[in-house]
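These notes are about the structure you will find just below.
Since the model is a prediction, treat every value here as computed from it, not as a measurement. If you read the sequence from its start, that first residue is 1, and numbering goes on from there.
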Amino acid sequence: MNKWEREWKEEQQRVDHVVQKISKRLSSLVQQTSTMRADIVEIRNQFWEDITVNVDDPIEAAETYASIKQQAEVLSERERSHRHVRNQLKTLSKLQHSPYFARIDLKVEDEEEAEPIYMGVGSFFDEESETFLIYDWRAPISSLYYDFSPGEVEYRTPEGLVKGVMELKRQYLIRNGHIDSMFDTGITIGDEMLREALGRRSDMQMKSIVATIQKEQNQIIRDERNRLLIVQGAAGSGKTSVAMQRVAYLLYRYRDTLRPENIVLFSPNPLFNSYVATVLPELGEENMRQTTFQEYLESQLSKTFEVEDPFTQLEYILTHEDNRSYAARIAGITIKSSLEFMDVIQSYVAFLGQQGLIFKDIRFRDEVLISAEAIREKFYSFDPALRIPNRMRLVAEWLIEELKEREIQERSKSWVEDEIELLSKEDYLKVYKKLRRQKRFTDQSFDDFDREKEMLSSMVVRKEFKPLLTKVNQFYFIDIPAIYRQLYTNPQFIFELRPEWEVPSLWEEICVQTVEKLKHFELAYEDATPYLYLKDCIEGFRINTSVRHVFIDEAQDFSPFHFAFMKQIFPLSKLTVLGDLNQGLYAHNMTDDGFTSLLSLYDPEETRVFKLNRSYRSTWPITQFTRGMIPGGQDIEPFQREGSKPMVTQVSDKQELERKVADRIHHLQLAGHQTIAIICKTAKESKEVYTALQGKVPLSFIHKETTTLKKGVVVIPTYLAKGVEFDAVIIYNGSKSQYGRESERKLFYTSCTRAMHELYIYSLGEITPFISEVSSDTYVLERNL
């Protein structure tokens, strides 16, 4: 037995020892959680048994409250303990099968011997030996594994900087308690482990990458100093994975002060939320709040407007280029997405502080109680130096007082008597009890009929006025849609607001389009954020101070206006944005200079930009092919994972295209691929392809409302496939007619980069020029004409 075989045997013995310890702890915890669950059930069942409520006696009432409070605290403590033990069970169950993935031998300064440090997805402390048999990958000492090669190292702890020498760096692949692979390495992560992880079939759920985190990724994950992190990464560089590991790290690092509900992830679509939903639970953490920016907009605006979503906007961009109003729509999207347009809104708000605000009459039973003109006069009677939201609050307080006066006057109206006759017995009983408490009579009948009528009238009118008072407190007396529409009613108005602003020649047509939609209570996607920003400037910003970290994935889909608005609504939050400018599909990407606008919003001293150029998702041949399609693609570093070259097939008619694609799907399934995507340019094309292939192969259609991906064959538009990966990808029609304009280059690139193992492109007629620009050595061409 040579030295390596002997070490392998010793390592396996240690794995067996640790697994045995974990199994023993698991048995203990299972018994413990069973006992705790029984205690909780018993406390819940007996919660009220020993409590006698006597609200008439103040002393007994106080004692009752104290008893309830004590019982509730006991129950809450038991439930917290039960959750903690349950989480331990989940972590240990994972460790039982694969206890750790790495080892470093660290000799700290002034110590004679090196200590072996083993790292896994969770920590395991052996109470008998009082040592950590496994360290959590997020522990400070674990950073050495990701950041250093053997040699001199250092890491920071809460107590200060620790220096030493790493004498060994070893990696493992352990399955079901057995070491399948073990190797020493001098680099951050051995390519063997990466190849093993990346070579697996996709199963429609993102997995944890803690065993294969690279040095540059680790810096992003553990960054605690900066308020803004920008991660510009190539397709397949692990941006989303890094984001999820960063969330897990932050929850571990600040576990006493940070909860999952203090973190928000804005993702591109509901489908993506499902794709990443298992990563944090796999690491023993609860999921943070996941949403889309569209969901936020609709939560604020859907009561007033039919709000267009970004996918509908993109469908228009991709399919209506021959429309007469297309140029104006594109120009409008570009303008309304810019920081310059936010300045326009601010100038408009300053104007409204002096004149031009539009209010609504406050009506009751088809009668105007307080006119819009009276409200306007009241608003502008206040000191102009006060901010508009402050003056609006003063107006609301004045309206409340006015309505209370009108409420008293309304009690004598004839309609009130009619309503009194319709009152239920319960309503009469309320008045009766109230009169008794006031000691207005002594027997069981009403003998003070005037007082009775007065109280019943008050009850009826108060009930009817309550919705009015609620709406006043919610600023419903302001006509925000009319105020926003006013900005576009006169195209020359904007020149008065911003004389120095270079308004495009199509501004007049942009105004016409905007007003037309607003008339029908429709809000284009590019109008939603400016509208909401204007609304908040008038009513006061709805800020969220509980959120401490905001993550934005596919950040290239967010406009400069979006970013500035997000900073307003999450004023105390740190921001992590992840994107790839080469996958920017929306109209605002055509002119925005990368993330420059975002950088301008934060102090440079609290900002850090990372670039991830190495692509891990696709095989080496696929990455070589796709990086040739985009400017700067030579900076993308393919990972050395072998595979076949992409195949480009040219066909002459639709029938042959359908037959070729169906045949290819059958071959891919026979090869064992579990996730196969037929990627189309638009939702319209996706529907047509789905209909054409039904009956030929089993498949499912993915649309913007789809929330989960399943194994098998899917037909999906490009913009929904972003951020997701598949074993094999088929581009249904990569022809010049589909992808011929320069603005469609990034769309085609995004589609091709979804492939992990195999990529097939079919072209009905002439092939897209984005392929002809790529070296012919990087793909296989097949012509069937």
Taking the side chain as every heavy atom from C-beta outward, state whether Leu271 and Leu709 have any atom pair closer than 4.5 Å. yes
Under 3.5 Å donor-acceptor, Ser751 side chain and Ile679 backbone: no
Can you tell me how far the OG1 atom of Thr529 sits from the CG atom of Leu534, to the nearest 0.5 Å? 12.5 Å
Do Glu308 and Lys517 sit within salt-bridge range, that is, some charged N less than 4.0 Å from a carboxylate O? no
Less than 4.5 Å apart, any side-chain heavy atom of Glu516 and any of Gln513? no
Would you mind reporting whether Leu280 and Met244 have side-chain heavy atoms less than 4.5 Å apart? yes
To the nearest 0.5 Å, how far apart are OG1 in Thr312 and CD in Gln294? 8.0 Å
Looking at every non-hydrogen atom in both residues, tell me the closest pair between Ala248 and Trp137 and how far apart they are. CB-CZ2, 4.0 Å
Ion pair check, Glu285 and Arg138, cut-off under 4.0 Å: yes
If the threshold is 4.0 Å, N to carboxylate O, is there a salt bridge linking Lys722 and Asp557? yes
For side chain to side chain contact (heavy atoms under 4.5 Å, CB included), just list the numbers for Phe595 and Leu228, CA-CA rounded to whole Å, side-chain angles, deciding distance to a tenth of an Å, and then say yes or no. CA-CA 12 Å; Phe595 294 120; Leu228 170 64; over 6 Å; no
Tell me whether the count of non-hydrogen atoms from other residues, nucleotides or ligands lying under 6.0 Å of CD in Glu742 goes above 12. yes
Kindly give the heavy-atom pair with the smallest separation between His320 and Tyr326, and that separation in Å. O-CD1, 3.0 Å
Please check this pair: side chain of Asp223 against backbone of Asn226, looking for a donor-acceptor N/O pair closer than 3.5 Å. yes
Would you find a donor on one side and an acceptor on the other, under 3.5 Å apart, between the side chain of Gln486 and the backbone of Gly356? yes
Using 30° and 60° as the class boundaries, would you call the ring planes of Phe558 and His562 parallel, tilted or perpendicular? perpendicular
Correct closest heavy-atom pair for Ser618 and Thr753 would be OG-O, 4.1 Å
Does anything in residues 567-582 form a salt bridge (Lys or Arg N to Asp or Glu O under 4.0 Å)? List the pairs, not counting sequence neighbours. none
Counting C-beta onward and ignoring hydrogens, is there a side-chain heavy-atom pair between Glu539 and Ile480 closer than 4.5 Å? yes
Surrounding CD of Glu502 (heavy atoms of other residues, nucleotides or ligands, distance under 6.0 Å), is the total greater than 12? no
For the backbone of Cys537 and the side chain of Gln346, can you confirm whether one donor and one acceptor N or O come within less than 3.5 Å of each other? no
How about Gln232 and Lys239: do any of their side-chain heavy atoms sit closer than 4.5 Å? no
Say you draw a straight line from CG of Leu599 to CD1 of Ile230; how long is it, rounded to the nearest 0.5 Å? 4.0 Å
Does Glu637 use its side chain to pair, donor to acceptor, with the backbone of Arg614 at less than 3.5 Å? no
Under the 3.5 angstrom rule, does the side chain of Asn287 hit a backbone N or O of Ala277 as a donor-acceptor pair? yes
Taking everything shown except Lys471 itself, do over 12 heavy atoms lie less than 6.0 Å from its NZ? no
With side chain to side chain contact (heavy atoms under 4.5 Å, CB included) as the criterion, how do Thr626 and Tyr749 come out once you've worked through the C-alpha distance, each side chain's angles and the decisive distance to 0.1 Å? CA-CA 6 Å; Thr626 56; Tyr749 169 78; 4.0 Å; yes
Answer whether the closest heavy-atom distance between the side chains of Arg222 and Ser142 falls below 4.5 Å. yes
Dump the intermediate steps for side chain to side chain contact (heavy atoms under 4.5 Å, CB included) on Asn390 and Phe382, then the final yes or no. CA-CA 10 Å; Asn390 293 339; Phe382 293 117; over 6 Å; no
Over 60° means perpendicular and under 30° means parallel, so classify the ring planes of Tyr533 and Phe565, tilted if in between. perpendicular
What closest approach, in Å, do Leu339 and Ser597 show between heavy atoms, and which atom pair accounts for it? CD1-CB, 3.9 Å
How many angstroms lie between CZ in Arg627 and CG in Asp635, if you round to the nearest 0.5 Å? 9.0 Å
Under 6.0 Å from the CD atom of Glu508, do we count more than 12 heavy atoms belonging to anything else shown? no
If you apply the rule side-chain hydrogen bond (donor to acceptor under 3.5 Å, both in side chains), what do you find for His703 with Glu705, and how did you get there? CA-CA 6 Å; His703 48 80; Glu705 285 85 21; 3.2 Å; yes
Main-chain N/O of Leu506 paired with Glu509 side-chain donor or acceptor, under 3.5 Å: no
My understanding is that only residues two or more places apart in sequence, or in another chain, count here; which of them pass ring pair (Phe, Tyr, Trp, His ring centres under 6.0 Å) with Phe341? none
ring-ring contact (aromatic ring centres under 6.0 Å, His included): which pairs involve residues 493-512, sequence neighbours left out? Tyr348-Phe493, Phe351-Phe493, Tyr488-Trp507
Within-4.5 Å side-chain heavy-atom neighbours: Tyr484 and Pro481: no
Once the angle between the rings of His549 and Phe551 is folded into 0 to 90°, is it parallel (under 30°), tilted (30 to 60°) or perpendicular (over 60°)? tilted
Could you give the distance from CD1 (Ile220) to CZ (Arg608), rounded to the nearest 0.5 Å? 8.5 Å
Between atom CZ of Arg246 and atom CG of Leu251, what is the distance when rounded to the nearest 0.5 Å? 11.0 Å
Test your reading of the model: is there a side-chain donor-acceptor pair from Gln568 to the backbone of Phe541, 3.5 Å cut-off? no
So, for Glu315 and Tyr719, which heavy atoms are closest and what is the spacing to 0.1 Å? OE2-OH, 2.6 Å
Between Glu554 and Gln556, does a side-chain hydrogen bond (donor to acceptor under 3.5 Å, both in side chains) hold up when you go through it step by step? CA-CA 5 Å; Glu554 301 295 341; Gln556 72 278 356; 2.7 Å; yes
Taking atom CD of Glu306 as the centre, report whether more than 12 heavy atoms of other residues, nucleotides or ligands fall under 6.0 Å from it. no
Parallel, tilted or perpendicular, judged at 30° and 60°: which one describes the rings of Phe305 and Tyr531? perpendicular
Is it true that a side-chain atom of Arg376 and a backbone atom of Phe359 form a donor plus acceptor pair closer than 3.5 Å? no
Keeping the roles fixed (side chain from Tyr380, backbone from Leu357), state whether a donor-acceptor pair exists under 3.5 Å. yes
Heavy atoms, side chains only, cut-off 4.5 Å: are Lys681 and Glu744 in contact? yes
Heavy-atom pair with the smallest gap, counting every atom of Val550 and Val547: CG2-CG1, 3.7 Å
Ionic contact status for Glu286 with Arg259, cut-off 4.0 Å: yes
Taking Asp536 first and then Arg542, would you say they form a salt bridge - that is, a charged N and a carboxylate O separated by under 4.0 Å? yes
Walk me through whether Glu298 and Glu295 qualify under side chain to side chain contact (heavy atoms under 4.5 Å, CB included). CA-CA 5 Å; Glu298 290 184 349; Glu295 287 173 350; 5.5 Å; no
Under the salt bridge (Lys or Arg N to Asp or Glu O under 4.0 Å) criterion, do Asp527 and Lys336 qualify, and how do the steps go? CA-CA 7 Å; Asp527 279 298; Lys336 294 171 184 177; 3.0 Å; yes
